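Small disclaimer: the values here were computed from a predicted structure and weren't measured. Side-chain atoms are counted along with the backbone in the values below, which use heavy atoms only and exclude waters and symmetry mates.
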Amino acid sequence: MAIPHAFRANFDTLLRAAADGNLALLECTDTVSGAPRYVLCAVAFDDGAYCMTPFGHLADGNPFDLYRPSADPAQPAD
């Protein structure tokens, strides 16, 4: 499965921010549940103010229990 261009572009932005030392981990509030989330952000300085661009939050618990790779089309599903 190909990764959509927009996601690849965002990932490239994230890599550039990391290489430049412009990443931050912010504590935020989930707008649906109200639970705290720890969000990975790229940091920019624009017009005299810091701009935080969120890319994703860290998984609660064991991420291996939350995610799995997409199925290989050549392999049958479990």
Do you know the tightest heavy-atom contact between Ala17 and Ala42?
->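 Closest heavy-atom pair between Ala17 and Ala42: CB-CB, 3.9 Å.
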Group every Ile, Leu, Val, Met, Phe, Trp and Tyr by side-chain heavy-atom contacts under 4.5 Å, then state whether Leu23 and Leu26 land in the same group.
->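 Unlinked, Leu23 and Leu26 end up in two clusters.
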Do Phe45 and Val43 sit in the same hydrophobic cluster, where Ile, Leu, Val, Met, Phe, Trp and Tyr count as joined when their side-chain heavy atoms come under 4.5 Å apart?
->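 Yes, Phe45 and Val43 fall within the same hydrophobic cluster.
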Check whether more than 12 heavy atoms from other residues, nucleotides or ligands sit under 6.0 Å from atom OH of Tyr50, and answer yes or no.
->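 Not buried by this count: 12 neighbours or fewer within 6.0 Å.
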About how many Å separate CG of Leu40 and CE of Met52, when rounded to the nearest 0.5 Å?
->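 Nearest 0.5 Å value for the CE-CG distance: 11.5 Å.
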Just how far is it from atom OG1 of Thr53 to atom CG of Asn22, taken to the nearest 0.5 Å?
->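 Answer for the OG1-CG pair, Thr53 versus Asn22, is 11.0 Å.
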Would you list the pairs meeting salt bridge (Lys or Arg N to Asp or Glu O under 4.0 Å) in which at least one residue belongs to residues 36-58, sequence neighbours left out?
->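 For residues 36-58, and leaving out neighbouring residues, the salt bridge (Lys or Arg N to Asp or Glu O under 4.0 Å) pairs sorted by first residue read Asp30-Arg37, Arg37-Asp60.
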Summary of salt bridge (Lys or Arg N to Asp or Glu O under 4.0 Å) pairs that have at least one residue in residues 14-28, sequence neighbours excluded |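 Every pair satisfying salt bridge (Lys or Arg N to Asp or Glu O under 4.0 Å) with a residue in residues 14-28: there are none.
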Could you check Phe55 against Asn10 for side chain to side chain contact (heavy atoms under 4.5 Å, CB included), going step by step and ending with a plain yes or no?
-> CA-CA 8 Å; Phe55 280 92; Asn10 282 342; 3.9 Å; yes
Return the set of residues passing side-chain contact (heavy atoms from CB on, under 4.5 Å) with Tyr67 (not counting sequence neighbours), or none when no residue passes.
->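 Listed in chain order: Ala59, Pro63.
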